[in-house]
Amino acid sequence: MFDKERGLYIAHCPNGALSITGKMANRHGLIAGATGTGKTVTLQVMAETFCQAGVPCFMADMKGDLSGISQVGKLSGFIEKRMPEFGIENPEFQSCPVRFFDVFGEQGHPMRATISQMGPQLLSRLMQLNETQDGVLNIVFRIADERGLLLIDLKDLRSMLDWVSQHSKEYTTKYGNISTPTIGAIQRALLQLENQGADKFFGEPSFDINDLMQTEGGKGVMNVLAADKLMMQPKLYSTFLLWLLSELYSTLPEVGDQPLPKLVFFFDEAHMLFDGTSKALLDKIEQVIRLIRSKGVGIYFITQSPTDIPENILGQLGNRVQHALRAYTPKDQKAVKTAAETFRANPAFKTDEAIMNLETGEALVSFLDEKGAPDIVERAKILFPLSQIGAVTEGQRLDIIKGSRIFGKYDTPIDRESAFEVLMAEADKQLAEQEKQEAEIEIPQPKAEKEEKKKSGMMGKVWKAVLTAITSTLATILGTYVSDKVTGKKTKSRTSSTGRVVKNATSAATRTITKELTRDILGNLVK
């Protein structure tokens, strides 16, 4: 809880209240402990304490339990038992203003980002690309930027990859080899992302991080991300939160150390951020975490063991809450020892032994003092939340979503002209030009040539008829002559017989020619 005397009051030990110093709250922190030791309740207590101080928070709700922070708490046997330990007689149960978010848009306001905002480095991690594929993806982004093509959603990136593949020879000398198999591998990775639901995340309207830093009635708004389904896709979950941190870092102005941070970011299941992360990306994460505090943002990692966090980053987490750890194996014992060594020792007890004997709701606590130095570790009990412990009903969630100030701002997706539409238009234009060229292969003849061709065709038919008639006549004459010679008959008048044949043949030829001419003339008139 927050009050003027105690400040950000989180826990209580035999020596008194343990509070986070306001101006040191942006120096980041760690909540660690085995499953079931009270990490989620500690997170809720810290979040509602920041809320009461007017500091907005962002947190991932892994099981739906944190949604209860939106409802007023009530007295229970557990709380009644803990009240005397903190010297509290009449707790003022209260709720926090909450906005529910969901990458898939099912349990809260949608949270989207464009492909360009995500960038090739985070996308490469999300798709688990190798070094060669990562290099080609960077080339594709560069070419899209040079051509002024917007990469907004997955179909934009897919069409851009296809276009680059078709024009790869144009860029080989400038950027290096772009092979078809590599493009194909990236396309397959995109398909896997789409099957995981990432197509709902990439698009517009893209999320405005300023909507995370709002207050209502003097209290900081609690931005709760529904992550139960998102957790099934750990790469998408961690990459999304890393993108959010990067957006905060690149967008917010420098403010230095303030009396209270502008935003507190809780990163649950933090080990997912670092699993399988390349050295280059790990360096970027370290840089963002180190420098984002000057933007007024505090980051608190929640995980089982401090060993889940790389040493360079662990050293920047000054505010520590360590719940119980179990040491069943040599590896577990080593983790306990490492966790103990991260605290400033207290001569009153052995830190490593205390870690293994902590009760549920009890923790080793060490916060930074006014000068930024870690306090001596104390064995303390975490306060109970003043808001509801446990999940809300679907009806309560829906009422909160509809009553939000940003209801309707992100709910309807927008699909404006981007790389996909531009490249499709170019492809259609090229196809039309190709069809036009193919149609122009048969060159039209001039009118005079057409007429001459018609005449030639007509005369050809006439002469064909004449030749046919003459051939027929000659055959008849020759046939009659040969027949007379063979039989020895003498025709009464050979000349007259031959004349009659010629006459008949000529008449036949004349009739044939007349018919052909008439047919051609009438055909031309009809045309």
Side-chain angles (χ1 to χ4, degrees), residues 1-33 37-55 57 73 75-76 78-94 257-261 264 298 300 302 317-325 339-340 342-387 389:
M1 64 183 67
F2 175 78
D3 57 48
K4 293 182 179 179
E5 294 182 1
R6 294 173 174 174
L8 299 166
Y9 179 33
I10 304 298
H12 197 88
C13 70
N15 294 328
L18 295 177
S19 303
I20 298 177
T21 304
K23 67 178 183 179
M24 293 297 160
N26 65 334
R27 300 297 178 92
H28 312 321
L30 173 70
I31 302 172
T37 56
K39 297 192 300 297
T40 301
V41 173
T42 299
L43 191 162
Q44 184 171 342
V45 169
M46 292 181 69
E48 67 180 20
T49 301
F50 282 116
C51 170
Q52 295 164 14
V55 179
C57 298
L75 200 62
S76 65
F78 167 74
I79 292 177
E80 285 181 335
K81 181 180 178 181
R82 301 291 298 273
M83 284 169 51
E85 299 175 356
F86 305 112
I88 299 175
E89 297 181 358
N90 297 308
E92 297 180 6
F93 293 105
Q94 54 187 287
D257 293 330
Q258 295 184 312
L260 289 168
V264 172
Y300 289 75
I302 298 90
L317 311 182
N319 299 301
R320 304 282 186 87
V321 178
Q322 176 67 61
H323 287 277
L325 288 176
T342 61
F343 288 103
R344 183 180 171 188
N346 188 330
F349 58 86
K350 291 183 178 181
T351 307
D352 55 348
E353 293 181 0
I355 289 177
M356 292 186 290
N357 296 311
L358 294 170
E359 299 177 358
T360 300
E362 191 178 19
L364 297 181
V365 179
S366 174
F367 297 137
L368 298 177
D369 61 20
E370 291 283 343
K371 297 181 180 180
D375 284 327
I376 293 175
V377 63
E378 296 284 356
R379 185 168 180 169
K381 292 188 176 182
I382 306 298
L383 288 174
F384 53 84
L386 298 176
S387 55
I389 299 177

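Just so you know, residue 1 is the first one in the sequence shown, and it goes up from there.
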Does a side-chain heavy-atom distance below 4.5 Å link [X] with [Y]?
| X | Y | result |
| --- | --- | --- |
| Gln52 | Gln94 | yes |
| Leu30 | Tyr300 | no |
| Met83 | Leu75 | yes |
| Pro91 | Leu386 | yes |
| Thr21 | Phe367 | no |
| Ser387 | Glu48 | yes |

* Return the orientation label for the Phe384 and Phe93 ring planes: parallel under 30°, perpendicular over 60°, tilted otherwise. => tilted
At their closest point, which heavy atom of [X] faces which heavy atom of [Y], and how far apart are they?
| X | Y | value |
| --- | --- | --- |
| Leu325 | Ala339 | CD1-CB, 4.0 Å |
| Pro374 | Arg344 | O-NH1, 3.1 Å |
| Leu368 | Arg27 | CD1-CB, 3.5 Å |
| Pro261 | Asn26 | CB-CB, 4.2 Å |
| Leu383 | Val45 | O-CG2, 3.0 Å |
| Ile355 | Ala340 | CD1-N, 3.8 Å |

Drop me the distance from [X]'s [atom1] to [Y]'s [atom2], to the nearest 0.5 angstrom.
| X | Y | atom1 | atom2 | result |
| --- | --- | --- | --- | --- |
| Thr351 | Met356 | OG1 | CE | 11.0 Å |
| Lys39 | Thr360 | NZ | OG1 | 11.0 Å |
| Leu317 | Ile31 | CG | CD1 | 11.0 Å |
| Gln322 | Ser366 | CD | OG | 11.5 Å |
| Phe50 | Met46 | CZ | CE | 5.0 Å |
| Met24 | Asp369 | CE | CG | 7.5 Å |

Using atom types as modelled and distance alone, determine if a side-chain donor or acceptor of [X] lies under 3.5 Å from a backbone N or O of [Y].
| X | Y | answer |
| --- | --- | --- |
| Lys23 | Gln258 | no |
| Gln44 | Val41 | no |
| Arg379 | Leu364 | no |
| Asn346 | Phe349 | no |
| His12 | Leu18 | no |

* **Test side chain to side chain contact (heavy atoms under 4.5 Å, CB included) applied to Arg320 and Thr342, step by step** => CA-CA 9 Å; Arg320 304 282 186 87; Thr342 61; 3.0 Å; yes
* Output yes when Lys381 and Glu362 qualify as a salt bridge under the 4.0 Å nitrogen-oxygen rule, no when they do not. => no
* **Qualifying residue for side-chain contact (heavy atoms from CB on, under 4.5 Å) with Val365, from Ile10, Ile382, Asp375, Ile20** => Ile382
